[in-house]
There are 2 protein chains.
Amino acid sequence: MGKGDATREIILDEAAGLARQVGLGGLTIGSLATRTGMSKSGLFAHFGSKEAMQLQVLDHETDRFTSEVVRPALSAPRGEPRVRALFEGWLAWDSADGGCPLVAAAFELDDQPGPVRDRLLHNQRDWFDTLATIASTGVAEGHFRPDTDPRQFAQDIEGIMLAFHVASRLLSDPDAAARAHRGLDALLAAAAAPAAP
Amino acid sequence: MGKGDATREIILDEAAGLARQVGLGGLTIGSLATRTGMSKSGLFAHFGSKEAMQLQVLDHETDRFTSEVVRPALSAPRGEPRVRALFEGWLAWDSADGGCPLVAAAFELDDQPGPVRDRLLHNQRDWFDTLATIASTGVAEGHFRPDTDPRQFAQDIEGIMLAFHVASRLLSDPDAAARAHRGLDALLAAAAAPAAP
DNA sequence: GCTTCTGACGAACGATCGTGCTAAAAAGGA
DNA sequence: TCCTTTTTAGCACGATCGTTCGTCAGAAGC
């Protein structure tokens, strides 16, 4: 990794932190340059355009999300434990400062067509598929009833996560996490295969 | 209502439409002036500052939300029918172009301190209370089990709404609404009071 | 040693940002 | 109708936006 790649990584880290506060659209070359102690033009040269920078920030955060949340969860035992691991990982991830940047981007870009939205859409589809796949793994393991709809499960669990996000981050509700856990328990209980007698 | 108030109403309508696309922070006096066919300074004079304008846009949309979603639902019979009415009303409201602007604002401002966030926080607390109140009304009516936690119910139902928002608006999933309905059914079934024998 | 390439900088560009100030136009009550 | 108040436009301001360009120190290759 050359010097260029190293500083670009630093820039992306800083950019992600800034984007978590002001959104991807609120990212500014000038403020980012000040933050990193670089000149505007020196920083700009790394990307060539603001849009290219936004795309790289998006990819950067998606990679981080994959390695910090998704991959660890996939090393948990298949079925219900894996669902719980993913859920816990996500809660921790969203509780870090600024919250999940991808969630913020999803609500920011839902009505702004363009390459950035396209990229995010692709990532979010992958995420939704991951949720559904983990759910259907639970069925295959015999943890969940055979008629469980994986995509229904995916949308339900995502709802619990999103409600936690707003309850904890905006409303500062100290019970948000407890309720999220209770929501997940209810979801798992409803999907649970009847105990073999 | 004098002429000033009338045009200010027009401006706020237009501003809300724009904010649904680009967010409250993305609102711009210049673009708003172009949209309404006014001069920048003429438009600006109605508000005195950009922040004051954002606050009025927020109030404007909150009022609209109250009269288009909350109030109609409150005229439905108490208990479960009222929950369903509120839910249906919200789904329709969020399916209009741009989606629910308050949801977008909630995710945009969760990390941006200031008067605008404070106002939004206040509104969102009211909304959460409304959800909880309607839930506890269901308990009082005997539709829901006595041990139903109204605030748990509120966070759960909000999760279903938020998951619908992203599934339908970003992912363009045609099954989003159907899953939201199934999610609500499951929630209501879990809370339902056991039928009197 | 000299050359070449890379990474960063400073200055400047036109455009647009939010915000004043002043004057004209419009509205409304007498 | 006249007069006052309200509403709008015009113009200008400093700041900042994204972007381009020429330059230059230092690392790398020969």
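Being a predicted model, the structure only gives us computed values, none of them experimental. Per chain, numbering begins at 1; letters A, B, ... match sequence-line order. No hydrogens, no waters, no symmetry mates; every other heavy atom, side chains included, goes into these values.
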Donor-acceptor contact present, side-chain B:K50 to main-chain B:F44, <3.5 Å: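 No; zero donor-acceptor contacts below 3.5 Å.
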Is it true that [X] and [Y] have a side-chain N and a carboxylate O under 4.0 angstrom from each other?
{"X": "A:E80", "Y": "A:R84", "value": "yes"}
{"X": "B:D175", "Y": "B:R182", "value": "no"}
{"X": "A:R20", "Y": "A:E61", "value": "yes"}
{"X": "B:R145", "Y": "B:D147", "value": "yes"}
{"X": "B:R169", "Y": "A:D111", "value": "yes"}

More than 12 heavy atoms from other groups under 6.0 Å of CG on B:D97: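 Result for CG/B:D97: open.
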Selection: residues 23-39 of chain B, any non-hydrogen atom under 4.0 Å of DNA chain D: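 The stretch gives B:M38, B:S39 as the residues lying under 4.0 Å from the strand, ordered by number.
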Selection: residues 44-56 of chain B, any non-hydrogen atom under 4.0 Å of DNA chain D: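 Residues of residues 44-56 of chain B that come under 4.0 Å of DNA chain D are, in numerical order, B:A45, B:H46.
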Value in whole Å for how far the P atom of D:dT5 lies from CG of B:D5: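 The answer, rounded to whole Å, is 18 Å.
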Partner of B:D59 by side-chain hydrogen bond (donor to acceptor under 3.5 Å, both in side chains), out of B:Q54, B:R64, B:R119: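 That would be B:R119.
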Any A:S41 side-chain N or O less than 4.0 Å from OP1/OP2 of D:dT19: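 For A:S41, the contact criterion (side-chain N or O under 4.0 Å from OP1 or OP2 of D:dT19) is not met.
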C:dG10 base / A:K40 side chain donor-acceptor hit below 3.5 Å: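 When only heavy-atom distances are counted, A:K40 does not reach the base of C:dG10 through any donor-acceptor pair under 3.5 Å.
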